[in-house]
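Bear in mind the structure is a predicted one, so any value in this text is a computation, not a measurement.
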Amino acid sequence: MAAILAALLWPRFWLVIEEGEALRYAFPATSGSDFALRWTHSVEKEDWEERFQIQTNGNLMLVETRFKTFGAGVPAAVGRETRLEQGWVVMSGIHRPVDPLHVQAAEAEHYRLYFQGRTLDLTHPGVPPILTFTTREAPLLTMLPARFGTWWRQWRSP
């Protein structure tokens with residue numbers, strides 16, 4: 001019983017996604033964990049992906065961006081290295097703090113989260129949610145509603 005209480009009450013580090021004031025998802029994370037957001041660019045109609053890393057202080061850092069074509073809203077150069085990789089233009093070495101990260105996950109752009117080898121759709125029909133990505137240290141007990149939301153949504157392999 002003591003082990004169960006300790007597991008529920010011991011603070012852990014989490015990547016959290018909030019929609020307005022509501023905690024929508026919570027994922028166990030560690031310093032150095034990374035995740036990616038992918039969506040369809042509204043003008044270019046090609047996928048765009050940004051990779052973020054959780055820093056030792058818990059802040060989120062944009063570290064890489066990938067896209068298929070140059071066009072509207074695409075930077076000419078960013079980061080330390082730009083290369084072509086399997087049909088993607090990859091710009092890495094960015095190191096831009098983005099904490100908290102706010103995303104309007106419109107259905108037309110089909111936003112997806114890639115984290116720990118899984119993919120999660122972030123969009124839903126209707127008004128596009130504004131999602132806020134941050135980190136938090138908290139016990140599992142306080143994250144249970146968001147964890148159930150995460151488990152309830154359909155996860156699929158990438």
Side-chain angles (χ1 to χ4, degrees), residues 7-44 46-68 72-83 85 88-124 127-153 155 158:
L8 288 172
L9 299 175
W10 192 265
R12 296 185 62 173
F13 196 64
W14 302 89
L15 171 64
V16 297
I17 304 172
E18 296 172 305
E19 186 174 347
E21 298 295 316
L23 186 59
R24 187 164 170 194
Y25 302 108
F27 306 97
T30 60
S31 171
S33 294
D34 64 357
F35 65 95
L37 291 177
R38 184 181 284 191
W39 67 95
T40 304
H41 191 281
S42 61
V43 175
E44 298 300 318
E46 293 279 357
D47 274 353
W48 183 301
E49 184 175 294
E50 290 184 332
R51 190 168 58 85
F52 302 86
Q53 187 177 67
I54 299 171
Q55 302 298 293
T56 55
N57 62 2
N59 289 343
L60 303 178
M61 180 84 63
L62 173 64
V63 294
E64 183 178 274
T65 188
R66 312 164 19 116
F67 46 88
K68 297 278 188 159
V74 178
V78 66
R80 292 190 201 124
E81 181 183 354
T82 301
R83 64 191 180 280
E85 193 174 279
W88 290 82
V89 176
V90 179
M91 295 179 175
S92 58
I94 297 173
H95 305 294
R96 181 180 301 150
V98 290
D99 193 44
L101 171 64
H102 300 286
V103 173
Q104 185 172 15
E107 184 178 16
E109 280 87 33
H110 187 220
Y111 273 82
R112 286 98 64 205
L113 169 69
Y114 293 85
F115 186 61
Q116 299 175 337
R118 301 286 190 175
T119 303
L120 178 65
D121 286 328
L122 296 173
T123 57
H124 53 72
V127 177
I130 296 178
L131 305 175
T132 301
F133 293 71
T134 59
T135 60
R136 181 179 305 167
E137 190 171 336
L140 174 60
L141 187 62
T142 63
M143 296 289 121
L144 280 176
R147 289 299 298 155
F148 282 123
T150 302
W151 292 322
W152 190 257
R153 297 281 301 228
W155 279 91

- His102-Thr132 side chain donor-acceptor pair, cut-off 3.5 Å: yes
Going by heavy atoms in the side chains, are [X] and [Y] under 4.5 Å from each other?
{"X": "Phe115", "Y": "Ser33", "result": "yes"}
{"X": "Leu101", "Y": "Leu37", "result": "yes"}
{"X": "Trp48", "Y": "Thr65", "result": "yes"}
{"X": "Phe67", "Y": "His41", "result": "no"}
{"X": "Val63", "Y": "Ile94", "result": "no"}
{"X": "Met143", "Y": "Leu23", "result": "yes"}
{"X": "Arg66", "Y": "Glu50", "result": "no"}

Atom [atom1] of [X] and atom [atom2] of [Y]: how far apart are they, to the nearest 0.5 Å?
{"X": "Arg112", "Y": "Thr119", "atom1": "CZ", "atom2": "OG1", "result": "8.0 Å"}
{"X": "Tyr25", "Y": "Leu122", "atom1": "OH", "atom2": "CG", "result": "6.0 Å"}
{"X": "Thr82", "Y": "Met91", "atom1": "OG1", "atom2": "CE", "result": "4.0 Å"}
{"X": "Asn59", "Y": "Thr135", "atom1": "CG", "atom2": "OG1", "result": "6.5 Å"}

- Under 3.5 Å, side chain of Asp121 to main-chain N/O of Thr123, donor-acceptor pair present? no
- side-chain contact (heavy atoms from CB on, under 4.5 Å) with Ile54: of Leu60, Thr30, Asp99, only one passes, and it is Leu60
- Honestly, is Arg136 close enough over Trp14, meaning NZ or CZ under 6.0 Å from the six-membered ring centre and within 45° of the axis? no
- Message: Testing Glu85, Glu64, Arg83 one by one against Ser92 for a side chain to side chain donor-acceptor pair (under 3.5 Å), which residue passes?
- Response: Arg83
- Query: Looking at Phe35 versus Phe133, is the centre-to-centre ring distance below 6.0 Å?
  - Reply: yes
- Item | Criterion salt bridge (Lys or Arg N to Asp or Glu O under 4.0 Å) on Glu46 and Lys68, from CA distance to verdict | CA-CA 6 Å; Glu46 293 279 357; Lys68 297 278 188 159; 5.6 Å; no
